[in-house]
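This report concerns only the one structure given below.
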Amino acid sequence: MSEKSRFDTNGYVWSRSVPDPGQLVEVRRRQWVVGDIKASAFSSTGNGKQHLVTLAALDEDSLGESLQVLWELEPGARVLERAGLPKITGWDETEKLEAFLDAVRWGAATNADRSFLQSPFRSGITIEDYQLDPLVRAIDMARVNLLIADDVGLGKTIEAGLVIQELLVRHRARSVMIVCPATLQVKWRTEMQEKFGLEFRIVDTDYVKTLRRERGIHANPWTSFPRLISSMDWMKSGEGLRLLKDILPPHVTYPRKFDILVVDEAHNVAPAAATRYALESQRTRLIRTLAPHFSHRLFLSATPHNGYQESFTSLLELLDDQRFARTVMPDERQLHRVMVRRMKSDIVDADGQPVFPVRRLQCLEIAYSDEERDIHRLLREFTATRANSVKGTRYEFGTDFVHMLLKKRLFSSPMAFAVTLAKYRETMLRGHPRTATTLDDRILRKAIVRSEEEYSDEAKAEEAHLEAVEVATEMAVALGETERAMLDRLTEWAEKHKNRVDAKAKAILHWLDTYLKPGGHWNEKRVILFTEYRATHVWLHQIFTANGYGGDRLAILHGSMRPDEREAVKAAFQANPDVAPVRILLATDAASEGIDLQNHCNYLIH
């Protein structure tokens, strides 16, 4: 033993001497096995030869990871050798030993009977019969490709968790990657831990910083742990995409690089069908890059079909490019093999009675004032005049996009309309529009595609919309005198009414008075109001507060909130109404995505 060798508290002998291949060493507070050693050709001054040591990781979260160090220069590097058997300090009780042996026997899953399921007995949940359908299909597939499209509230997360755990128990998979909107990352991690005992780590900017501090600047988060969760928006560009491409093979390998890919809210990665062809977004390109390197794929979405065949077939191709192709209608039998689709109305008990309460859709009629009808008529006249001036030219595509957006914003709220109209007017009056070139046309189409993507943060969505409006307006034809006069009238109305109550807000306030606060007293009923745009969300928040519906009775939910804030709002709204004061939840579509609050309220207003 070297003079520098000594014992540590764990029964190891450790030494600073150069290790031999196959020895156990500790480097950077982690244990490694020595693979190869190369000595320098020359001795350094006063220190002898230096050695380049190649190490292989032993920790579960980094199996297969390798590291090369200069042994003599690596701080804290040491060789570990067993000094004999560990010291016996006591005996386990008989019951504890028997429990351990039972756990070993129960953990030995067999593939002799393929119908024998393990995951339902290893989860901490009450499983409904219908939730076993995806699991039964999965174990009969050589490579699991499933589109779980059950209705909201039926437990798509549980169904995916059962499939994941079954594949892990049967040793058909080891690594899992969950791609979801940013608002759902904490929900996935919590449910996988509490319901299935599976630890997942969320990969984001903070995680990368922590990983680099612990393992060095070259550590890659995508190989740091076998079970990962990440936001599709963080992965689709920037550092997340760059680090992902660093570890993906240039070609599809057999076996695959990874095992299970789960895409939650998968409709967000389907291409937008703005034209006869599906236009791929950054999210679409991300999944198209990622999916071929996974053996098993689970796509989850309550709304898999957006009404466009091109978009739906592209989503199916991302799931399974052997069965489906873009623009080709799927075969019904092939679609049934990979798609699980049940509505709440389809779920009945043993007596044939509906398990879930029946939701009735009612239209809230709005009595628009003459002034509001006039402004809608004026906008129609303005857009029709502008459309005629660019018909048949290369300006038509961008002009139609701006006109459609202005109409949607006006129907949403005066504030949302005022924000978009201000950007349009500012760009239009900035100077003379320039002639559009082929390159400009490509830039415009990319900007419009970005604006039509799904965003978990409405602030980023707003930036994308305004950028597309600016690009489209810069390449529009100049305003005529009549058009200029109409634009001035639209602007004057928008600035005057953007903070006022319109007919739609009055109808909502009257509805709240009738159903939540009859006679001026709050009852125990609850309502969720969804808005598409953040500007409309802010506008309604101001109106509710000014009309006595604010304070602790009103909770707000939007995409710019931190995950812990969102979870706190959700908990407050779901709490017992006898002790929780919240009666109104005002949420944006992006923030509410994937959150099942419908079973905790009496009404939904969209």
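Predicted model, so just to flag it, every value in this text is computed and none were measured. One is the number of the first residue; the rest follow in order along the sequence.
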| task | Using atom types as modelled and distance alone, determine if a side-chain donor or acceptor of Thr223 lies under 3.5 Å from a backbone N or O of Asn220. | result | yes
| query | What distance do Asp259 atom CG and Arg172 atom CZ have between them, rounded to the nearest 0.5 Å? | reply | 10.5 Å
| note | Between Ala160 and Ile148, the two heavy atoms sitting closest are N-CD1, 4.3 Å
| request: Go through the structure and list residues passing salt bridge (charged side-chain N to carboxylate O under 4.0 Å, His left out) with Glu239, not counting sequence neighbours. | output: Arg212, Arg242
| remark: Taking every heavy atom of Ile139 against every heavy atom of Arg170, the minimum-distance pair comes out as CG2-NE, 4.1 Å
| Taking the side chain as C-beta and beyond, is there a heavy-atom pair between Thr427 and Lys423 under 4.5 Å? | yes
| remark: One should read off an interatomic distance between Ser175 OG and Arg256 CZ, to the nearest 0.5 angstrom, of 12.5 Å
| Looking only at heavy atoms, what is the nearest atom pair of Leu162 and Ser119, with distance? | O-OG, 3.2 Å
| remark: Contacts satisfying salt bridge (Lys or Arg N to Asp or Glu O under 4.0 Å) that involve residues 152-161 (not counting sequence neighbours) are Glu159-Arg342
| note | Sequence neighbours excluded, the answer for side-chain contact (heavy atoms from CB on, under 4.5 Å) partners of Lys245 is Leu241
| Residues two or more places apart in sequence or in another chain: which of them pass side-chain contact (heavy atoms from CB on, under 4.5 Å) with Pro120? | Leu117, Ile127, Leu132, Leu135, Glu166
| said: I need the Ile556 CD1 to His541 NE2 distance, nearest 0.5 Å. | reply: 5.0 Å
| task | State whether the side chain of Lys408 and the backbone N or O of His403 hold a donor-acceptor pair below 3.5 Å, judged by distance alone. | result | no
Please output the side-chain donor-acceptor pairs of residues 412-421 that fall under 3.5 Å, not counting sequence neighbours, one pair per line with the distance.
unit_1: Ser412; atom_1: OG; unit_2: Thr536; atom_2: OG1; d: 2.5
unit_1: Ser413; atom_1: OG; unit_2: Ala416; atom_2: N; d: 3.1
unit_1: Ser413; atom_1: OG; unit_2: Thr536; atom_2: OG1; d: 2.8
unit_1: Thr420; atom_1: OG1; unit_2: Arg409; atom_2: NH1; d: 3.1
unit_1: Thr420; atom_1: OG1; unit_2: Ala416; atom_2: O; d: 3.3

| Under 4.5 Å between any side-chain heavy atoms of Arg122 and Gln165, yes or no? | yes
| task | Please lay out, stage by stage, how Leu405 and Tyr424 fare under the test side chain to side chain contact (heavy atoms under 4.5 Å, CB included). | result | CA-CA 11 Å; Leu405 185 60; Tyr424 174 74; over 6 Å; no
| Do any N or O atoms from the side chain of Ser311 and from the backbone of Pro271 form a donor-acceptor pair under 3.5 angstrom? | yes
| query | Hey, what do you get for CG (Leu316) to CG (Asn145), rounding to the nearest 0.5 Å? | reply | 11.0 Å
| said: On a heavy-atom basis, which atom in Leu261 and which in Val179 lie closest, and how many Å separate them? | reply: CD1-CG2, 3.9 Å
| remark: Scanning both residues in full, the closest heavy-atom pair of Pro221 with Leu228 reads O-CD1, 3.5 Å
| query | Any Lys/Arg nitrogen of Arg283 or Asp233 sitting under 4.0 Å from an Asp/Glu carboxylate oxygen of the other? | reply | yes
| With sequence neighbours excluded, residues passing side chain to side chain donor-acceptor pair (under 3.5 Å) with Glu199 | none
| Arg341 (side chain) donor-acceptor with Ala302 (main chain) under 3.5 angstrom | yes
| Do we see a donor-acceptor contact under 3.5 Å between the side chains of Arg189 and Gln185? | no
| Interatomic spacing from CD1 in Ile287 to CZ in Phe299 - rounded to 0.5 Å | 6.0 Å
| message | Just to verify, what does Thr205 make a side-chain contact (heavy atoms from CB on, under 4.5 Å) with, not counting sequence neighbours? | response | Lys209, Trp234
| query | Are Arg526 and Val582 close enough that some pair of their side-chain heavy atoms sits under 4.5 Å apart? | reply | no
| request: Applying ring-ring contact (aromatic ring centres under 6.0 Å, His included), name anything that partners Phe258, two or more places apart in sequence or on another chain. | output: Phe294
| Please walk me through it: do Asp246 and Leu243 pass side chain to side chain contact (heavy atoms under 4.5 Å, CB included)? | CA-CA 5 Å; Asp246 285 346; Leu243 292 171; 4.2 Å; yes
| query | Below 4.5 Å, heavy atoms only, C-beta onward: do Glu265 and Leu300 meet side chain to side chain? | reply | no
| said: Restricting to non-hydrogen atoms, name the atom on Leu147 and the atom on Pro304 that form the minimum distance, rounded to 0.1 Å. | reply: CD2-CB, 4.2 Å
| task | Give the intermediate values and the outcome of side chain to side chain contact (heavy atoms under 4.5 Å, CB included) for residues Arg534 and His558. | result | CA-CA 8 Å; Arg534 180 76 172 101; His558 56 83; 3.4 Å; yes
| Counting N and O atoms only, with roles assigned by atom type, does the side chain of Lys344 sit under 3.5 Å from a partner on the main chain of Val152, one being a donor and the other an acceptor? | yes
| query | So, do Trp188 and Val262 sit near enough that their side-chain heavy atoms are less than 4.5 Å apart? | reply | yes
Show every donor-acceptor pair shorter than 3.5 Å between a side-chain atom in residues 330-340 and any protein atom, with sequence neighbours excluded, or say none if there are none.
unit_1: Asp331; atom_1: OD2; unit_2: Arg333; atom_2: N; d: 3.1
unit_1: Asp331; atom_1: OD2; unit_2: Gln334; atom_2: N; d: 3.3
unit_1: Gln334; atom_1: OE1; unit_2: Arg323; atom_2: NE; d: 2.7

| query | For residues 290-302, which residue pairs qualify under side-chain hydrogen bond (donor to acceptor under 3.5 Å, both in side chains), counting only residues two or more places apart or in two chains? | reply | His267-Ser301
| said: Determine whether a donor-acceptor pair (N or O, by modelled atom type, separation under 3.5 Å) exists between the side chain of Asp400 and the backbone of Ala387. | reply: no
| field | side-chain hydrogen bond (donor to acceptor under 3.5 Å, both in side chains) partners of residues 126-135, not counting sequence neighbours, each pair once | value | Asp133-Arg137
| Listed partners of Gln309 passing side-chain contact (heavy atoms from CB on, under 4.5 Å), at least two apart | Thr313, Met329
| said: Any non-hydrogen side-chain atom of Ile508 less than 4.5 Å from a side-chain atom of Leu529? | reply: yes
| task | Would you give the length of the straight line joining atom CG of Leu286 to atom CG of Leu244, rounded to the nearest 0.5 angstrom? | result | 7.0 Å
| task | Using a 4.5 Å cut-off on heavy atoms from C-beta on, say whether the side chain of Ile229 contacts that of Arg201. | result | no
| Ser281 side chain to Thr284 main-chain N or O, any donor-acceptor pair under 3.5 Å? | yes
| message | As a quick check of understanding, evaluate side-chain hydrogen bond (donor to acceptor under 3.5 Å, both in side chains) for Ser224 and Tyr207, giving each step before the final call. | response | CA-CA 10 Å; Ser224 64; Tyr207 180 78; 2.6 Å; yes
| query | Would you say the side chain of Ser230 lies within less than 4.5 Å of the side chain of Trp222, judging by non-hydrogen atoms? | reply | yes
